[in-house]
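Only heavy atoms go into these numbers, but all of them, side chains included; no hydrogens, no water, no symmetry mates.
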Amino acid sequence: MKWMTDRWQELCGRYKKGFLTFVVCVLIVVVCAIATWFFTKDLYDQQAIKRWSDKGDECAQISCFYPVSMELSDFGFLSLHHSVEEALTKASLAPETADADLFADAYSVTGKLQISTDNANKEVNAVGVSDSFFLFHPIRLLTGSYFDENMIMSDGVILDEDTAFALYGSQDIIGKTVYIGGVPHYIRGVSARDDGYFAKKAGLAEPICFVSVETLKTYGTIVGSYTYETVMPSPVEGFAKETVTAALNDSEQKIEVVENSARFSLGAKKEIVLDFGVRSMNRNSILYPYWENIARAVEDLCGLIFAVQTVAFIIAAVLFILYVRILYRNRTWTARKLFDKIGDAMYERKCKRG
């Protein structure tokens with residue numbers, strides 16, 4: 001409407017600072033939304049649902065982090081697996097297809113290993129993995145392939161590119177032998193290591209390899225916490241997290257349970273802001289793996305961005321309400337005149353049709 005445009009221009013002339021503040025705040029809100037998307041879009045370790053199912057809204061990804069004093073053995077993993085399976089079956093949930101699994105899970109632990117060849121020896125950080133680990137953590141391979149859960153994987157190893165060059169001087173080493181604890185292991189793949197700021201601070205500044213949990217426990221040193229991860233149907237909000245929490249049977253609540261698929265939601269960002277500082281306090285002696293350290297760093301960053309975005313949104317909203325209020329108080333029309341005008345317009349339109 002022309003009268004509104006004229007009034008807006010008049011007010012903008014009288015209240016230029018307020019108008020400019022409004023525009024800046026709107027831009028800040030938009031920029032913050034783009035920044036949040038940018039920082040979270042490449043967190044592939046938090047996006048297992050996309051690789052597991054097309055029904056993302058009906059699924060959830062859950063991670064459980066054990067204190068360093070607690071071990072998750074093969075038997076404990078299988079017991080937990082069966083408990084989750086039983087809970088899902090009781091809830092009358094079924095796989096998407098006859099050949100699909102009802103859910104996927106894996107457990108892992110971090111530590112250190114001595115890896116050697118006939119001519120070289122190197123100590124590296126190591127991740128002991130099991131079953132569907134690479135569904136949750138699709139590390140970028142330069143050559144080779146992941147461990148297959150149906151493959152005999154206890155003698156397999158994936159080296160990062162730095163370790164490959166240190167031991168063999170090449171990336172073309174698939175099938176070659178390295179020795180771990182004097183026992184021959186075979187190179188299944190060579191991976192690229194993330195080199196971003198958060199990745200380096202999270203534990204990827206040094207060489208790393210991936211072996212079976214059995215190999216790491218037998219020939220290496222366990223340094224970090226055990227991690228259990230699963231992706232499963234979650235027909236209602238919170239169902240998956242409650243199911244896993246019940247299956248853990250952790251009466252002392254020492255195991256930290258995180259719903260990865262909801263960690264960057266609006267509610268989660270509110271909690272980050274409200275608990276900022278306190279949330280970094282860890283009283284359960286949990287040493288997070290590198291991917292969780294990265295996710296938590298991005299969480300903190302997104303929390304700060306959300307705080308700025310919220311303040312900018314509130315300022316913009318208040319300025320808009322003040323503008324509407326000023327516009328209303330300085331109006332040259334009444335509700336009756338407006339309704340009469342609308343009625344006349346509708347009558348004229350009806351006459352033209354008739």
Task: Pairwise side-chain contact, Q114 with N121, heavy-atom cut-off 4.5 Å (strictly under) - done: yes

- [ ] Tell me, yes or no, whether the heavy-atom count around E71 atom CD, taken from other residues, nucleotides or ligands under 6.0 Å, exceeds 12.
- [x] yes

Task: Test of ring centre spacing under 6.0 Å for Y66 and Y226 - done: no

Open item on the list: Other members of the hydrophobic cluster containing I34, with the 4.5 Å side-chain heavy-atom rule, please.
Closed with: V30

Open item on the list: Return the OG to CZ distance between S132 and F103, rounded to the nearest 0.5 Å.
Closed with: 9.5 Å

Open item on the list: Please determine whether a side-chain nitrogen of the Lys or Arg among E161 and R140 lies less than 4.0 Å from a carboxylate oxygen of the Asp or Glu.
Closed with: no

Open item on the list: If hydrophobic clusters are built by linking Ile, Leu, Val, Met, Phe, Trp and Tyr wherever their side-chain heavy atoms come under 4.5 Å apart, do W52 and I139 end up in the same one?
Closed with: no

Open item on the list: Under a 3.5 Å threshold, yes or no: a donor from one side chain and an acceptor from the other, between Y290 and D194?
Closed with: no

Task: D42 atom CG: more than 12 heavy-atom contacts under 6.0 Å - done: yes

Task: Polar contact flag, side-chain donor to acceptor under 3.5 angstrom, D160-S191 - done: no

TODO: Could you check if a side-chain atom of S234 sits within less than 4.5 angstrom of a side-chain atom of C59, using non-hydrogen atoms only?
DONE: no

TODO: Would you kindly confirm whether F313 and F306 end up in one hydrophobic cluster when ILVMFWY residues are joined by side chain heavy atoms under 4.5 Å apart?
DONE: no

Open item on the list: Taking the six-membered ring for Trp, are Y107 and F77 closer than 6.0 Å centroid to centroid?
Closed with: yes

Open item on the list: Would the distance check show the side chain of S63 and the main-chain N or O of E229 forming a donor-acceptor pair, the cut-off being under 3.5 Å?
Closed with: no

Open item on the list: For the aromatic rings, using the six-membered ring if either is Trp, is the centroid distance between H137 and F210 under 6.0 Å?
Closed with: no

- [ ] Dump the intermediate steps for side chain to side chain contact (heavy atoms under 4.5 Å, CB included) on I180 and V211, then the final yes or no.
- [x] CA-CA 10 Å; I180 301 175; V211 295; 4.2 Å; yes

Pair up each side-chain donor or acceptor in residues 83-93 with any protein partner under 3.5 Å, not counting sequence neighbours, and list the distances.
residue	atom	partner	partner atom	Å
S83	OG	S79	O	3.0
T89	OG1	E85	O	2.8

TODO: For residues L248 and C64, determine if any side-chain heavy atom of one lies less than 4.5 Å from a side-chain heavy atom of the other.
DONE: yes

Open item on the list: Taking the side chain as everything from C-beta on, heavy atoms only, tell me whether R188 gets closer than 4.5 Å to V157.
Closed with: no

- [ ] Indicate, with yes or no, if the rings of W291 and F198 have centres closer together than 6.0 Å.
- [x] no

Task: E123 vs K112 side-chain heavy atoms within contact, under 4.5 Å - done: yes

Open item on the list: Rounded at 0.5 Å granularity, tell me how far CG in L287 sits from OG in S225.
Closed with: 5.0 Å

- [ ] Check whether any side-chain heavy atom of V127 lies under 4.5 Å from a side-chain heavy atom of I208, and answer yes or no.
- [x] yes

Open item on the list: I want to check something: taking the side chain as every heavy atom from C-beta on, are T230 and V244 in contact at a cut-off of under 4.5 Å?
Closed with: yes

Task: Cation-pi geometry met for K176 and Y186 (6.0 Å, 45°) - done: no

Task: Validation row: C209, T163 side chains within 4.5 angstrom (heavy atoms) - done: no

Task: Candidate pair T245 and D250, rule side chain to side chain contact (heavy atoms under 4.5 Å, CB included), full reasoning - done: CA-CA 7 Å; T245 301; D250 179 31; over 6 Å; no

Open item on the list: One pair to check against salt bridge (Lys or Arg N to Asp or Glu O under 4.0 Å): K241 and E256. What are the steps and the verdict?
Closed with: CA-CA 11 Å; K241 187 174 182 179; E256 183 177 350; over 6 Å; no

Open item on the list: Test of understanding: clusters of I, L, V, M, F, W, Y form through side-chain heavy atoms closer than 4.5 Å, transitively. Do I174 and L142 belong to the same one?
Closed with: yes

Open item on the list: Side-chain heavy atoms nearer than 4.5 Å, only ILVMFWY residues, links allowed to pass through others: does that put V109 and F136 together?
Closed with: no

Open item on the list: side chain to side chain contact (heavy atoms under 4.5 Å, CB included), that's the test. Do Y179 and T177 meet it? Break it down for me.
Closed with: CA-CA 7 Å; Y179 294 92; T177 304; 4.1 Å; yes

- [ ] Nearest 0.5 Å please: distance from the CG atom of L43 over to the CD atom of E299.
- [x] 9.5 Å

TODO: Calculate, to the nearest 0.5 Å, the distance between atoms CG and NE2 belonging to D105 and H81 respectively.
DONE: 5.5 Å

Task: T221 side, atom OG1; N125 side, atom CG - distance, nearest 0.5 Å - done: 11.0 Å

- [ ] Spell out, yes or no, whether V236 and I62 are grouped together once hydrophobic residues are joined by side-chain heavy atoms under 4.5 Å, including indirect joins.
- [x] yes

TODO: Please report the C-alpha distance between F264 and C302 in whole Å, then the side-chain angles of each, then the deciding distance to 0.1 Å, and finally whether the side chain to side chain contact (heavy atoms under 4.5 Å, CB included) criterion is met.
DONE: CA-CA 8 Å; F264 295 105; C302 288; 4.2 Å; yes

Open item on the list: For a side-chain hydrogen bond (donor to acceptor under 3.5 Å, both in side chains) check, start with the C-alpha distance between H185 and D155, then their side-chain angles and the critical distance, and finish with the verdict.
Closed with: CA-CA 5 Å; H185 285 68; D155 64 348; over 6 Å; no

Task: From OH (Y168) to CG (L159), nearest 0.5 Å - done: 9.5 Å

Task: Short N-O contact, R193 and E206, less than 4.0 angstrom - done: no

